[in-house]
Amino acid sequence: MEGFEPYIEIAEGLCAVFGTNLEVVLHDLATEQIVHIAGGFSKRNKGDPSLLNTIDFNENSRVIGPYEKTNWDGRRIRSVTNVLRDDKGRAFGLMCVNFDLSPITEAILALQNLAGPVALTDQPEALFRDDWHERINQFIANWTARHKTAISNLDRVQKRQLVRDLDAEGAFKAPGAILYAARIVGLGRATIYKYLQEPKIQKAE
């Protein structure tokens with residue numbers, strides 16, 4: 001945690017101002033783990049893997065983004081990633097600031113004619129190369145939209161089918177993916193393992 005203390009205070013301060021619409025995640029490049037989350041709404045926890053091992057930072061990188069991604073419940077999130085450096089200029093961490101657009105979507109649309117659209121960069125290829133969080137989020141958003149429901153409204157049968165479909169998509173190959181999916185779907189990890197061990201030919205009731 002050495003070197004992160006000032007940024008933890010900044011993260012908590014930002015979330016105190018913007019409330020539940022903001023999440024700030026601090027990543028340690030040395031351990032490739034999340035060291036702090038302020039105002040979390042992404043169902044990630046401190047100590048979870050950062051999935052940043054494939055990133056090759058340019059020495060001049062300071063800010064990545066802004067870019068948009070999908071939250072676990074389908075909400076649109078606008079994000080920017082700041083590279084944290086020590087007093088010798090060496091990168092030691094990332095501070096990812098995630099803003100939930102959903103409460104103000106209508107206001108943004110109304111103001112676009114006056115202010116113009118916000119210029120967004122594409123999702124950074126290196127940052128999302130192995131980001132199974134994003135892939136699971138997008139899959140669940142598409143799955144619930146296709147079934148005309150919301151993640152919070154799924155019954156037991158639907159949850160079981162969603163777990164099976166995620167498995168068929170290969171979503172659970174990454175370490176920690178099952179635990180992450182369990183948080184989103186609202187199931188215990190043991191229940192997900194139970195569904196995965198059931199005969200593949202068995203159909204949802």
Side-chain angles (χ1 to χ4, degrees), residues 1-73 75-104 118-138 140 171-184 189:
M1 288 281 290
E2 183 179 355
F4 284 95
E5 290 80 2
Y7 299 101
I8 291 176
E9 295 178 1
I10 292 172
E12 294 293 341
L14 287 172
C15 289
V17 172
F18 290 98
T20 58
N21 291 347
L22 196 74
E23 173 187 75
V24 182
V25 185
L26 298 177
H27 300 272
D28 188 338
L29 294 179
T31 63
E32 298 181 1
Q33 290 183 340
I34 294 173
V35 296
H36 187 77
I37 295 184
F41 51 62
S42 63
K43 288 192 179 291
R44 290 178 293 174
N45 291 326
K46 178 181 177 180
D48 280 355
S50 296
L51 307 177
L52 302 172
N53 57 304
T54 60
I55 295 178
D56 182 18
F57 288 108
N58 185 291
E59 288 297 324
N60 296 321
S61 294
R62 294 291 176 181
V63 178
I64 303 172
Y67 48 89
E68 287 190 5
K69 54 184 181 179
T70 307
N71 196 35
W72 64 270
D73 54 4
R75 287 180 291 172
R76 289 173 52 231
I77 306 298
R78 180 167 297 158
S79 304
V80 65
T81 297
N82 299 275
V83 181
L84 308 181
R85 299 178 180 275
D86 59 21
D87 54 5
K88 295 183 179 178
R90 295 174 297 196
F92 69 88
L94 299 178
M95 182 170 69
C96 297
V97 181
N98 304 315
F99 185 70
D100 178 10
L101 294 174
S102 59
I104 61 169
V118 177
L120 298 173
T121 60
D122 292 334
Q123 292 185 346
E125 181 179 354
L127 192 60
F128 285 89
R129 189 179 304 153
D130 286 330
D131 189 352
W132 50 261
H133 286 115
E134 171 74 6
R135 293 201 299 273
I136 289 177
N137 292 346
Q138 190 62 61
I140 291 177
F172 298 141
K173 293 180 180 179
I178 288 180
L179 179 58
Y180 180 71
R183 295 176 197 155
I184 295 176
R189 184 164 52 178

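Start at 1 with the first residue, then count along the sequence. Only heavy atoms go into these numbers, but all of them, side chains included; no hydrogens, no water, no symmetry mates.
Atom OG1 of T70 and atom CZ of R75 lie 11.5 Å apart (nearest 0.5 Å). Put simply, CZ on R85 and CG on L29 are 9.5 Å apart, with the number rounded to the nearest 0.5 Å. Taken from CD1 in I77 to OH in Y67, the straight-line distance is 11.5 Å, to the nearest 0.5 Å. Separating the CG atom in N98 from the CG atom in L22 is a distance of 7.5 Å, to the nearest 0.5 Å. Distance check: N71 CG to I184 CD1 gives 8.0 Å after rounding to the nearest 0.5 Å. Put simply, CD on E134 and OG on S42 are 11.5 Å apart, with the number rounded to the nearest 0.5 Å.
Evaluation of the side-chain hydrogen bond (donor to acceptor under 3.5 Å, both in side chains) rule for Q33 yields no partner, not counting sequence neighbours.
A donor-acceptor contact shorter than 3.5 Å links the side chain of E5 to the backbone of G3. A donor-acceptor pair under 3.5 Å links the side-chain atoms of D48 to the main chain of N45, judged by distance alone. With W72 contributing its side chain and A181 its backbone, the two residues share no donor-acceptor pair below 3.5 Å.
A salt bridge (Lys or Arg N to Asp or Glu O under 4.0 Å) check over residues 16-27, counting only residues at least two apart or in different chains, returns the pairs E23-R44.
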L101 vs F99, side-chain contact (heavy atoms from CB on, under 4.5 Å): CA-CA, chis, key distance, verdict: CA-CA 6 Å; L101 294 174; F99 185 70; 3.8 Å; yes

Can you check side-chain contact (heavy atoms from CB on, under 4.5 Å) on F18 and D100, steps first, answer last? CA-CA 10 Å; F18 290 98; D100 178 10; over 6 Å; no

Assess the residue pair D28 and F4 against the criterion (side-chain contact (heavy atoms from CB on, under 4.5 Å)); give the C-alpha distance rounded to whole Å, side-chain angles, the decisive distance to 0.1 Å, and a yes or no. CA-CA 9 Å; D28 188 338; F4 284 95; 3.9 Å; yes

Please assess V83 against L94 for the test side-chain contact (heavy atoms from CB on, under 4.5 Å), listing each intermediate value before the final yes or no. CA-CA 5 Å; V83 181; L94 299 178; 3.9 Å; yes

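For R189, the CZ atom sits in a loose shell: 12 or fewer heavy atoms of surrounding residues, nucleotides or ligands are nearer than 6.0 Å.
Closest heavy-atom contact between P49 and H133: O-CE1, 4.0 Å. When all heavy atoms of C15 and A38 are compared, the closest pair comes out as SG-O, 3.3 Å. Of all heavy-atom pairs spanning A177 and A171, the tightest one is CB-O, 3.2 Å. Nearest heavy atoms, L84 versus Y7: CD2-CE2, 3.5 Å.
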